[in-house]
2 protein chains.
Amino acid sequence: MDQSPPRSTSVTVADVARRAGVSKATAARVLGGYGTVSERVREAVTAAARALDYRPNELARSMTTGRSGTIGVVVGDIENPFFSLAVRGITDVARQADFTVILINSGEDVVAERAAIRTLLAKRVDGLIVSPAKENDVEHLHEAVRSGVPLALLDRGSDTLDVDTVIADDRYAAENITRRLIALGHRHIAYLTACDTPDHRFHTAKDIGTGSVRRRIEGFLSVCREAGLTGMEDWVRVGAFTPEHTHRIVTEMLQSARRPTAIIASDSIIGLEVFKIHRQLGLSIPDDLSLVSFHDADWTSVTTPPVTVVRQPVYDLGATAAKLLVERLNGEGQTARVVVLKTEIVERASTRERY
Amino acid sequence: MDQSPPRSTSVTVADVARRAGVSKATAARVLGGYGTVSERVREAVTAAARALDYRPNELARSMTTGRSGTIGVVVGDIENPFFSLAVRGITDVARQADFTVILINSGEDVVAERAAIRTLLAKRVDGLIVSPAKENDVEHLHEAVRSGVPLALLDRGSDTLDVDTVIADDRYAAENITRRLIALGHRHIAYLTACDTPDHRFHTAKDIGTGSVRRRIEGFLSVCREAGLTGMEDWVRVGAFTPEHTHRIVTEMLQSARRPTAIIASDSIIGLEVFKIHRQLGLSIPDDLSLVSFHDADWTSVTTPPVTVVRQPVYDLGATAAKLLVERLNGEGQTARVVVLKTEIVERASTRERY
DNA sequence: TTCTATTGTGAGACCGGTCTCAAGAAGAAA
DNA sequence: TTTCTTCTTGAGACCGGTCTCACAATAGAA
């Protein structure tokens with residue numbers, strides 16, 4: 001079927017025009033689908049294009065139109081099921097709107113994120129969806145906005161950025177689950193996150209750069225205070241960004257004299273790690289330890305016991321961010337919109353009363 | 001800090017040249033980092049660029065150089081942990097080599113895959129990494145090769161495509177695990193895959209379009225034959241491409257009179273589903289049913305019992321494909337290379353002797 | 001001092017599309 | 001038949017870079 005010779009140099013509108021015996025402008029009109037052309041000419045050009053196996057060069061098109069048909073997506077780590085599901089939501093909506101997605105992992109590192117934004121702006125993406133690693137370090141995002149590229153924030157907002165934002169009701173979710181644990185009699189409740197601070201210790205929620213996590217910790221601490229529990233800041237542990245780190249932190253915590261009776265894991269990767277560790281230490285969930293994890297990863301329902309989770313609408317988080325962005329790219333959006341999606345607590349057997 | 005006015009129209013080399021008092025060509029030499037320029041001029045241009053906050057337009061650069069600095073990646077479904085991990089491997093290597101990644105999901109549908117390839121070629125990607133949905137339906141991939149875009153196949157090969165390919169030793173892995181199950185006394189072994197056939201029934205391995213799965217099934221059947229087991233084709237079940245489908249197939253299978261004593265799940269999503277179902281049906285793993293799953297998803301070690309898996313080097317699968325592609329893009333590759341990565345059976349408590 | 005090399009710089013073509021503008025052809029109105 | 005629209009079409013500028021080529025200036029060799 002490979003009739004045409006393997007031409008390394010591609011066929012252009014000029015080639016098609018020559019073959020069809022019309023001007024480049026006319027051929028372009030037919031191939032680009034703009035302007036008016038007579039039926040006779042349209043057919044001639046179409047035939048020539050087919051014969052030469054013409055393929056439009058989107059790059060060249062983008063040069064003049066100023067639209068590249070791509071949106072840049074920057075997430076922490078595509079390997080994390082949270083992000084892979086959110087990205088699925090983004091790509092589904094993007095494809096529907098005829099946009100293609102350039103994906104870059106930041107590794108939750110602001111330097112990498114900055115480089116990613118720079119790269120994407122250089123590639124002239126039409127819009128950006130970013131899950132900022134640090135919401136107080138977003139000068140590079142302001143830069144993007146300043147250069148006129150629409151931006152939507154995913155899962156994490158920023159007070160200084162007046163852009164479309166899609167987040168979950170993290171604070172509310174944390175308040176709820178904390179209240180529930182307290183009602184179950186827990187007093188020693190640890191909150192464990194991958195976020196880190198300069199000295200790897202938690203002092204105040206303000207130190208937490210990741211918006212969603214900061215809001216959760218605020219909720220956690222506020223409910224604790226409300227319930228008369230003091231010094232709960234000590235139970236917030238940061239820096240669980242690898243299984244090894246998590247292992248060290250959790251092991252140390254569970255083997256200390258004043259150990260937690262409940263752990264809230266800030267994502268499913270940490271939750272899984274905690275689950276592994278409790279077994280290694282010969283502890284029992286929920287007898288010795290109650291466990292709650294953010295993100296209802298698929299496996300959480302099959303462990304023994306199944307894990308209580310905060311269910312986040314992850315796919316919708318991504319899909320909605322993409323929808324807002326696409327609307328703005330189509331000139332529909334006016335002022336920045338903030339969408340807060342509802343979470344839901346799915347109580348399973350990993351949480352139990354503490355007497 | 002927003003000193004510069006919000007210029008919607010971006011700064012070009014010509015602007016920088018004008019400000020630096022040199023020609024466009026000279027400014028371009030400095031900014032593009034090619035040719036020779038005097039130190040004095042270099043500084044003047046650099047200063048002007050900084051003052052104007054010049055950002056190179058990669059699109060324009062790509063126009064002349066013919067290199068877009070992007071590689072197109074087409075996978076079945078980024079939500080599947082197998083692919084998200086492989087994509088992580090790809091993006092890591094790509095970034096190192098200064099390439100960005102355009103990601104498209106095919107949903108394991110050839111029509112979508114074809115459209116994806118077309119889109120990516122139009123966007124003038126420098127190379128392609130594809131996990132073809134059907135290895136016998138790859139005319140669109142030939143097209144890509146013909147148009148001179150290097151292609152690397154991920155996890156699934158194709159006999160008709162003479163391109164760089166990175167796969168796992170699927171057939172060998174299937175043979176091994178099948179042999180092991182037979183040694184444990186199993187005679188009724190089911191193989192369950194998301195791949196489908198026109199009539200949703202399995203007849204011969206040739207009907208299976210997905211290369212990796214076809215090789216596994218061939219290995220499975222060959223070892224069965226070797227062991228004197230006949231008619232094992234009946235135990236191969238196709239079409240488990242959603243949890244619902246899997247549920248229906250497995251439930252029916254496990255409730256029939258002649259039910260399997262062991263199930264091999266072709267991926268971790270199916271494996272998880274089987275695990276859920278066995279509980280719902282009140283069966284016991286491994287007493288009533290042995291379970292093996294391809295892909296050692298992180299959760300497989302924490303279930304009760306933990307699941308025996310075929311560990312695939314998924315990250316390396318992606319990373320190696322990207323490495324081969326990058327080498328070829330740098331003109332290093334000569335003939336097509338096929339890399340076969342080793343798998344490993346991790347035997348856990350979900351498989352047991354059958355008397 | 002004169003004649004090559006070598007280096008630095010500018011003018012302008014080019015990549016492959018889009019798009020403006022003007023002119024020619026055809027049809028409608030007078 | 002003449003004039004005014006409307007429809008088609010072509011010429012060529014343009015997007016923002018790269019890159020070739022020619023020329024000027026400087027340096028080194030004879």
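Values below: every heavy atom of this structure, side chains too, minus hydrogens, waters and symmetry copies. Just so it is clear, the structure is predicted and the values come from calculations on it, not from any experiment.
Comparing D:dG10, D:dG16, C:dG10 by their closest approach to the side chain of A:Thr26 singles out D:dG10. Closest to the B:Thr36 side chain, of the nucleotides D:dG16, D:dT8, C:dT9, is C:dT9.
Of the options B:Val339, B:Asp155, B:Ile167, a side chain to side chain contact (heavy atoms under 4.5 Å, CB included) to B:Leu317 is made by B:Asp155 and by none of the others. Checked against A:Val16 for a side chain to side chain contact (heavy atoms under 4.5 Å, CB included), the options A:Thr46, A:Val22, A:Val45 give a single hit: A:Val45.
Within the structure, side chain to side chain donor-acceptor pair (under 3.5 Å) pairs that include any residue of residues 108-117 of chain A comprise A:Glu108-A:Arg156, A:Glu113-A:His140 (at least two apart or interchain). Each side chain to side chain donor-acceptor pair (under 3.5 Å) pair with one or both residues in residues 86-99 of chain B, not counting sequence neighbours, appears once here: A:Asp77-B:Arg88, A:Asn105-B:Thr91, B:Arg88-B:Asp92, B:Asp92-B:Tyr315. Screening residues 24-43 of chain A for side chain to side chain donor-acceptor pair (under 3.5 Å), with sequence neighbours left out, gives A:Ser23-A:Thr26.
Between B:Thr12 and D:dG16 there is no side-chain polar atom (N or O) within less than 4.0 angstrom of OP1 or OP2. Distances shown here put every side-chain N or O of B:Ser62 at or beyond 4.0 Å from the OP1 or OP2 atom of D:dG17.
Here the CG atom belonging to B:Leu325 is positioned 7.5 Å from the CG atom belonging to B:Asp164, to the nearest 0.5 angstrom. Note: B:Arg55 CZ to B:Asp53 CG = 4.5 Å, rounded to the nearest 0.5 Å.
Scanning for side-chain contact (heavy atoms from CB on, under 4.5 Å) contacts around A:Ala122 gives B:Glu58, with sequence neighbours left out.
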Original post:
With the sugar-phosphate defined as primed atoms, P, OP1 and OP2, and the base as all remaining atoms, what B/S/- string results for nucleotides 18-28 of chain C, 5' to 3', for protein heavy atoms under 4.0 Å?
Top reply: BB---------
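We find that NZ of B:Lys123 is positioned 22 Å from P of C:dC15, with the value rounded to whole Å. Per the geometry, CG belonging to B:Leu59 stands 10 Å off P belonging to D:dG17, to the nearest Å. Straight-line distance from the CE atom of B:Met63 to the P atom of D:dC15: 13 Å, rounded to whole Å. Between B:Arg124 atom CZ and C:dG17 atom C1' the separation is 10 Å, expressed in whole Å. Per the geometry, CG belonging to A:Asn57 stands 17 Å off P belonging to D:dG16, to the nearest Å. In this structure, CZ of B:Arg42 is placed 13 Å from C1' of C:dT7, rounded to the nearest angstrom. The separation between A:Arg67 atom CZ and D:dG16 atom P is 17 Å, rounded to whole Å.
If one axis is set at each end of the helix from C:dT1-D:dA30 to C:dA30-D:dT1 from five pairs, those axes are 40° apart, to 10°.
The pair A:Glu332-A:Lys323 does not meet the salt-bridge criterion, since no charged nitrogen lies less than 4.0 angstrom from a carboxylate oxygen.
Contact annotation for A:Arg55: backbone-only contact, meaning every heavy-atom pair under 4.0 Å involves sugar-phosphate atoms and none involves a base.
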